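Accompanying notes for the structure given below.
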Amino acid sequence: METYEITTLKMGTLIAEKSSLTMGVDFGKEIAIPMWSVAIQGAGHKILVDTGIRSLDWVKEYLGDQYDVLQEEDETMEGALKAIGWNTEEVDIVINTHLHYDHVGCNHLFRNARFYVQKREWEYSFEPVENQKCFYFEDLYGWSAVRYPQWKMVEGEYEVLPGLKLIPLGGHTPGSQGVLVNTQEGTVCIAADTIGLMENLWDNVLPNIMYDCTSGFRAFDTVRSRAEFVIPGHDGIMEKFQKGNFPGIYKEEARA
Ligand SMILES: [Zn+2]
């Protein structure tokens, strides 16, 4: 079976209220939450999962003072790719786990890529529930960013390449998907905001930005049964795991 090499790319850091990531836990506690994109190489392809925020200026213009956002030069998309010897033209596959602004901000840079999203997420993005309207900006993923023929709308589980699969997870948004990747160490699930922090999975605590709690808990079970390692969407723990040896699905293993 084909195996892939994974490198996580830090796309900047949001300063946020922790309980936005852990429902009912740690109200009033501020934490720094990095935004992680993931570069995957293998089977003759260069694959990127999620594309971060567009820029600090974009955040200031569209989100105002809601968040403090930090982004170093090597945390911009071009800077982060350069650090691993890639450029935007040679990325041939982009997978969006979902269409929130901090996961699609640099979609427009990948003119040669095929883009994968769940059809359900695409449709939902134009009609989100009231408290999620603030996360969707069509300009970041619509025609002005990605030409429609570049999109591959997926319904349910889908094998992109041998050993690289999309799985619907839901929870955070109705069309959120994870990416299962075969690596030499085992199967890694790139879980994005379905498991924003490892604490979500390890302590069975849902993220607070949540479309549907039932599917959120089911997604934890799906990840536990399908993967041995997880790449969470916003956990500072990933600073220690940027290349290989990703956090295991059980807390006990991570502590050992
Ligand atoms: Zn999100």
Side-chain angles (χ1 to χ4, degrees), residues 8-23 25 31-38 48-54 58-59 62-63 66-69 71 77 94-107 115-142 145-146 154 166-179 189-201 205-213 215-220 222-223 230-238:
T8 53
L9 307 176
K10 192 174 167 190
M11 299 280 99
T13 304
L14 293 166
I15 309 298
E17 155 86 30
K18 179 171 176 284
S19 66
S20 65
L21 290 157
T22 50
M23 191 182 280
V25 176
I31 59 164
I33 54 164
M35 296 168 276
W36 296 105
S37 289
V38 182
L48 189 67
V49 181
D50 289 339
T51 66
I53 52 169
R54 178 156 291 190
W58 184 93
V59 172
Y62 289 92
L63 305 176
Q66 279 182 65
Y67 300 106
D68 275 335
V69 186
Q71 192 180 49
M77 182 53 77
V94 174
I95 297 164
N96 287 137
T97 57
H98 63 302
L99 298 173
H100 284 173
Y101 67 82
D102 54 329
H103 296 259
V104 298
C106 290
N107 274 14
F115 281 74
Y116 290 81
V117 71
Q118 289 285 328
K119 187 167 176 237
R120 189 157 183 217
E121 178 70 10
W122 177 269
E123 289 170 353
Y124 173 76
S125 76
F126 298 104
E127 213 176 15
V129 292
E130 197 59 35
N131 65 354
Q132 290 212 4
K133 282 184 178 160
C134 54
F135 301 122
Y136 289 99
F137 293 83
E138 189 185 344
D139 279 354
L140 299 177
Y141 55 86
V146 180
V154 170
L166 309 177
I167 51 166
L169 291 174
H172 178 61
T173 68
S176 280
Q177 62 183 353
V179 188
C189 180
I190 300 162
D193 293 3
T194 301
I195 302 172
L197 303 178
M198 288 308 292
E199 178 183 338
N200 298 129
L201 185 72
V205 176
L206 289 174
N208 201 39
I209 300 167
M210 183 54 48
Y211 175 76
D212 168 32
C213 295
S215 68
F217 281 121
R218 266 197 214 120
F220 292 168
T222 301
V223 172
V230 176
I231 297 178
H234 292 287
D235 199 326
I237 196 176
M238 291 307 298

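The residues of the chain are indexed from 1 along the displayed sequence. Remember, predicted model here, so these are calculated numbers, not experimental data. Note: hydrogens, waters and symmetry copies are ignored here, and every other heavy atom, side chains too, is used. We count ligands from 1, going down the list as the structure has it; atoms in each ligand are counted the same way.
- Sequence neighbours left out, the pairs with a member in residues 192-201 that pass salt bridge (Lys or Arg N to Asp or Glu O under 4.0 Å) are Lys18-Glu199.
- Protein atoms of type N, O or S found under 2.8 Å from the Zn ion (ligand 1) total 4.
- The salt bridge (Lys or Arg N to Asp or Glu O under 4.0 Å) test applied to Glu123 returns Lys119, not counting sequence neighbours.
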>> Please determine whether side-chain hydrogen bond (donor to acceptor under 3.5 Å, both in side chains) holds for the pair Gln177 and Tyr116, giving the CA-CA distance in whole Å, both sets of side-chain angles, and the decisive distance to 0.1 Å.
In response: CA-CA 10 Å; Gln177 62 183 353; Tyr116 290 81; over 6 Å; no
>> I'd like to know whether Tyr124 forms a side-chain hydrogen bond (donor to acceptor under 3.5 Å, both in side chains) with Thr173, so could you lay out the CA-CA distance, the side-chain angles of the two residues, the decisive distance to 0.1 Å, and finally the verdict.
In response: CA-CA 8 Å; Tyr124 173 76; Thr173 68; over 6 Å; no
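- Considering only residues two or more places apart in sequence or on other chains, Glu130 meets the salt bridge (Lys or Arg N to Asp or Glu O under 4.0 Å) condition with Lys133.
- For the pairing with Tyr101, the ring-ring contact (aromatic ring centres under 6.0 Å, His included) check across Tyr62, Tyr141, Trp58 returns one residue only, Trp58.
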